[in-house]
Asks: 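Dropping a structure here in structure tokens format, bear with me for questions.
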Amino acid sequence: MTLEEILIQHSPALVIAIPLLSAFLMPLISRINAKLRNVFAIAMLGLTGCFIWLLATDVLTSGPRVYIFGAKNLTIPVVRILFEVDSIGIFMAIITIMLAIIAVIYSWSFMNEQDGLDKYYTLLLLLVTSALGMEFTGDIFNFFVFLEISCIASCALIAFWVTEGEALEAAFKYIVVSAIGALFVLFAIGVLYAQYDALNIATLAQALQYTFLDKIVLILLLVVLGMKAGLAPMHMWLPDAYGRAPPSVTLIIISATLASFYGVLRVIFTLYGNVLTTSMRFDFPLHVIIGWVLIVLAIVSILIGVIMALIQSDFMRLIGYTAVAEVGYMFLAIGTTVAALGAPYATVALQGGILHLLNDAIDIGLLFLVAGAIYYVTKKRSLDDIGGLARTMKYTTVFFIVALLAVAGMPPLNGFTSKFLIYESVYQLNPILSIVAILCSILLLAIFIKVLYAAFLGPELPALKDVKEAPKSMLLAMGLFAGLAILIGLFPNLFIDTLVKPAADALLNHAQYITMVIGGI
Amino acid sequence: MIEYIPFIAVVAMVFIGLYAVMFRRNLIKIVIGITIIESGVNLFLITLGYREGGVAPIYTGLPPGTTYPEQMVLPVPQALTLTSIVIGVAVLALMLSLVMHIYRKYGTLDVRKIRRLKE
Amino acid sequence: MFTLESGSGFWNPLIWILIVFIAFLLFYGIRGFGKNIHKKGTEQTKAFLSGNKESAPEDMHVKASNLYWGFTTSMKALYAGLRKMHTGNTSDYILWFVVVLAVLFIIFGVM
Amino acid sequence: MTEMTKIVKTIANILFPFTVLFGLYVIAHGHLTPGGGFQGGAVVASGCALLLVAYSSGWVFERIKEKRLATFESIGAIGFITVALLGLMFSMVFFGNFLAGSNLLFGTTPATGSTLANFNTGGVLPLMNFAVGVKVIAGLFVIVLVMAYASSVRGWDQ
């Protein structure tokens, strides 16, 4: 074996091990030098990114990869803790590591005046580890453990600005919601274990019979993971948490939220993949019921997110409600796929939904970075107190306009490409849904036009006369996101052919996932 | 009937915990409610692995005359429960420290008054 | 590489950019027909508010929460309902979770 | 938290070594008996909490630096991952048990059945237990210490 093959073989473990090790090295390193600490964080996340890249090239060319922990020879994998990396997992990992690297670059200037940065970086790296773990694990109990780690780490990070009462309140709400959700996930895992004597996702998927208990498990997992992903009407923690966490942290919490969304995908398409079409009740197959439940919740999310965002005056909270709407679009795509499983447009909807994951991360991330830049230079949260910033913050304004057009789904930016796929496929299921989605997208544009006017245009306010442009590292982070947004908008096929189509195929073709583990005996 | 009692206790604990979270006003009581749910779930996992007359699943130091692994209780649910307890301690500590800080900032523990973030 | 097929339609950013570019050229050409009567530094550049004096920048700037006043006022009933829903109370967050769980249990139980 | 009476202090003085010893026993025998790093660490930390109750939290806070405990916690976690990475180096798999069956430290293969427990078994498991033990002792102690100190010093009614 060459060195490259050895590295690829071990990269699923190293992708988790490197951020975890550097998280705990962080308190020791930050004693030496603050600059060294920042460089170390960026370097370690960059190294993790390299391993993910290696893994991605391998997984996309030669199929899923299984890594079994602690076994010298890879026998009886079903009773071992294992990681199973397939195209959708690697797609999520790419999103996570991209958000993490940009967040660390952004925190270089954004957080440099704060205390307790060693703990900040430790928790940040732990959060990245947990999100990556959720995306790679092939063991449902490990999924729960990583879910809890992400909940603890993100709660501590939301409360990072501990001098603000609201940050504490948001963190408390988040941890109550997450802790109860995670306990229900554990309950569901216990029920599955009691029935099938296994914790391995592939083994469970093969054995699943859709009994009465499996129904309970399905509902619990769907609702809890939906809640963690920000599905209405259980979305209320999301604007609180997003609005009060430091924006660099919010980027990583977005990746944890998207990992929960990935959990929903995994539960529906892989765990219950065998029974989706076979179990019937009153002439309705199971997938139609799940699909329409998801569609209804998604439409509610889009409407509530958009309508509530319109009346917000706190910039970050406004973006939080927009994030709820964007999650709604993703669930709309997934719901359409599940409801119309087998139809040709179902695949298109799934591709649109998966591409929208990436676009949501980029657009909402960029908006939060812009909001953070405004907060950094003005120390004001409310849109009512700012105005005329375009005169002094030229680059930030340009980045904001890119984000605005992208998040509202205007061509030729990235938001349009995924929303185009979603609209076209949803229209074939039910035209009304598509019309509602388009109308809400227009409302999104209206919301951000309001922000553009209130924050950047208008007369120069005397209170903000000596405002300067944001520091370079923050501009670099925003520029990276804006560049990605334009790139995906101009070359959508580049991303769809290489990343999104394999991911959609991996989800729809769950038999391959199962045989990778079961057939390996 | 007797073997169902643990499961009834599990359901009762989960519902008591949910009741405390939903209808109690004191933050500390909400935290206690979450802990009760956690204990219920842990009890559920332990009950799954129980085997009547079983011994601890350790291969050395077995009581004389036991046949293994037939007479051992299942170790996996116990491992799950231990993990869950460890996580529970971390969550509990975090929640309590947040409650302490919230009390300092808001001057109250009433959950209806701790809602500066609404709408 | 540029054309995105969705099965029932297609999207090509290059064509879009081309059309926008042509539209811009047309617009620029039409603009050239106009007369250039704009002079810098004269009264022309000042804001005209029916003869009233220009007020301070703080008063001139329309605040963010007043921008969509018409929309929010006409949707008053909707917003009252939504405001009632978003109480900000931690217990209610869990209540909504339990409600959704219960509704799904009923749906999946009947179906 | 204020200081308690002399009786409580004396009892705490007597109990503290035993509690710590028992906790360390649980950690060390983690691969043989029920318990392990977390359970033993929790026992030791509860012994420290006993000191905290008997002598006021301020008394303990003066003697033990919170930063040092945090460092210990990091060292415990780093030790755990390092053992896992050593498994990657020596037995070609992450978390690989490279010491088991090697007749080195903790390397004896145990006999199954109704035999006495052999301490010198388990491969890397005891090492991991030690690492987790260090982390849990430091972590739980720092939690209890900071909570007690914060609630006693700065006052509750501002």
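Numbered from 1 within each chain, the chains take letters A, B, ... in sequence-line order. Hydrogens, waters and symmetry mates are skipped; everything else that's a heavy atom, side chains included, is used.
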Asks: Could you look at Leu14(C) and say if it's the side chain, the backbone, both or neither that has a heavy atom under 4.5 Å from chain A?
Replies: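 Neither part.
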Asks: Between Leu220(A), Ile386(A), Val223(A), which shows the greatest number of heavy-atom pairs under 4.5 Å with chain C?
Replies: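 Most heavy-atom pairs under 4.5 Å with chain C: Val223(A).
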Asks: Just how far is it from atom CG of Leu490(A) to atom CD1 of Ile17(C), taken to the nearest 0.5 Å?
Replies: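 Between Leu490(A) CG and Ile17(C) CD1, I get 5.0 Å after rounding to 0.5 Å.
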Asks: Just give me the residue among Pro233(A), Gly181(A), Gly388(A), Gly458(A) that pairs up with chain C most often, heavy atom to heavy atom, under 4.5 Å.
Replies: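 Greatest number of close heavy-atom pairs with chain C: Pro233(A).
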Asks: Is chain C contacted by the side chain of Leu286(A), its backbone, both, or neither, given a heavy-atom distance below 4.5 Å?
Replies: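 For Leu286(A), the contact with chain C is made by the side chain alone.
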Asks: For the candidates Phe212(A), Tyr427(A), Tyr321(A), which exhibits the highest count of non-hydrogen atom pairs separated by less than 4.5 Å from chain C?
Replies: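 Heavy-atom pair counts peak at Tyr321(A).
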Asks: Non-hydrogen atoms of chain C under 4.5 Å away: do they reach the side chain of Gln428(A), the backbone, both or neither?
Replies: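 Only the side chain of Gln428(A) comes within 4.5 Å of chain C.
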Asks: Using a cut-off of 6.0 Å, state whether more than 12 heavy atoms not belonging to Tyr345(A) lie near its atom OH.
Replies: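 Yes, enclosed.
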Asks: What is the distance from atom CZ of Phe10(C) to atom CD of Glu424(A), rounded to the nearest 0.5 Å?
Replies: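 Answer for the CZ-CD pair, Phe10(C) versus Glu424(A), is 10.5 Å.
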Asks: Quick one: are Phe416(A) and Pro13(C) in side-chain contact, heavy atoms under 4.5 Å?
Replies: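 In short, these two side chains do not touch, never coming nearer than 4.5 Å.
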Asks: To the nearest 0.5 Å, how far apart are CG in Leu303(A) and CG in Leu82(C)?
Replies: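 Rounded to the nearest 0.5 Å, the CG-CG separation comes to 9.5 Å.
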Asks: Is there a donor-acceptor contact under 3.5 Å from the side chain of Tyr79(C) to the main chain of Ile307(A)?
Replies: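 Yes.
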Asks: So which part of Tyr453(A) gets closer than 4.5 Å to some heavy atom of chain C, the side chain, the backbone, both or neither?
Replies: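 Its backbone and side chain both get close to chain C.
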Asks: Hey, which of Pro412(A), Gly226(A), Ser382(A) has the most heavy atom pairs under 4.5 Å with chain C?
Replies: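 With the most close heavy-atom pairs to chain C, the winner is Pro412(A).
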Asks: Side chain, backbone, both or neither: which part of Ile219(A) has an atom under 4.5 Å from a heavy atom of chain C?
Replies: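 For Ile219(A), backbone and side chain are both near chain C.
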Asks: Looking at OG of Ser313(A) and CG of Asn66(C), how far apart are the two atoms once the value is rounded to the nearest 0.5 Å?
Replies: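 Reported to 0.5 Å precision, the distance equals 10.0 Å.
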Asks: Using non-hydrogen atoms and a 4.5 Å limit, figure out which bit of Val293(A) sits close to chain C: side chain, backbone, both or neither.
Replies: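 Contact with chain C involves the side chain of Val293(A) alone.
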Asks: Relative to chain C, which segment of Met236(A) carries a heavy atom at a distance below 4.5 Å: side chain, backbone, both, or neither?
Replies: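 Both parts, backbone and side chain.
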Asks: Within the distance-only criterion (no hydrogens, no angle test), does the side chain of Lys173(A) pair as donor or acceptor with the backbone N or O of Gly88(C) below 3.5 angstrom?
Replies: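 Looks like yes, one N/O pair under 3.5 Å.
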Asks: Shorter than 4.5 Å, heavy atoms on both sides: which option in Ala446(A), Gly387(A), Pro344(A) has the most such pairs with chain C?
Replies: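 Winner by heavy-atom pair count: Ala446(A).
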Asks: Compare every heavy atom of Trp11(C) with every heavy atom of Pro411(A), then report the nearest pair and how far apart it is.
Replies: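 Nearest heavy atoms, Pro411(A) then Trp11(C): CB-CH2, 3.3 Å.
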Asks: Side chain, backbone, both or neither: which part of Thr347(A) has an atom under 4.5 Å from a heavy atom of chain C?
Replies: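 For Thr347(A), no heavy atom lies under 4.5 Å from chain C.
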Asks: Who among Val348(A), Asp497(A), Leu297(A) has the most heavy-atom pairs with chain C under 4.5 Å?
Replies: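 Going by pairs under 4.5 Å, I would pick Val348(A).
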Asks: Tell me whether Met85(C) at atom CE has more than 12 heavy atoms from other residues, nucleotides or ligands lying less than 6.0 Å away.
Replies: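 Check passes, neighbour count above 12.
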Asks: Please classify the contact of Trp16(C) with chain A as side chain, backbone, both or neither, using a heavy-atom distance under 4.5 Å.
Replies: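 The answer is the side chain of Trp16(C).
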Asks: List the atom pairs, donor and acceptor, that lie under 3.5 Å between side-chain atoms in residues 90-111 of chain C and the rest of the protein, sequence neighbours left out.
Replies:
from, atom 1, to, atom 2, distance (Å)
Ser91(C), OG, Val21(B), O, 3.1
Asp92(C), OD2, Thr87(C), OG1, 2.6
Tyr93(C), OH, Asp240(A), OD2, 2.5

Asks: Can you tell which part of Val451(A) gets under 4.5 Å to a heavy atom of chain C, answering side chain, backbone, both or neither?
Replies: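 Interface part for Val451(A): neither.
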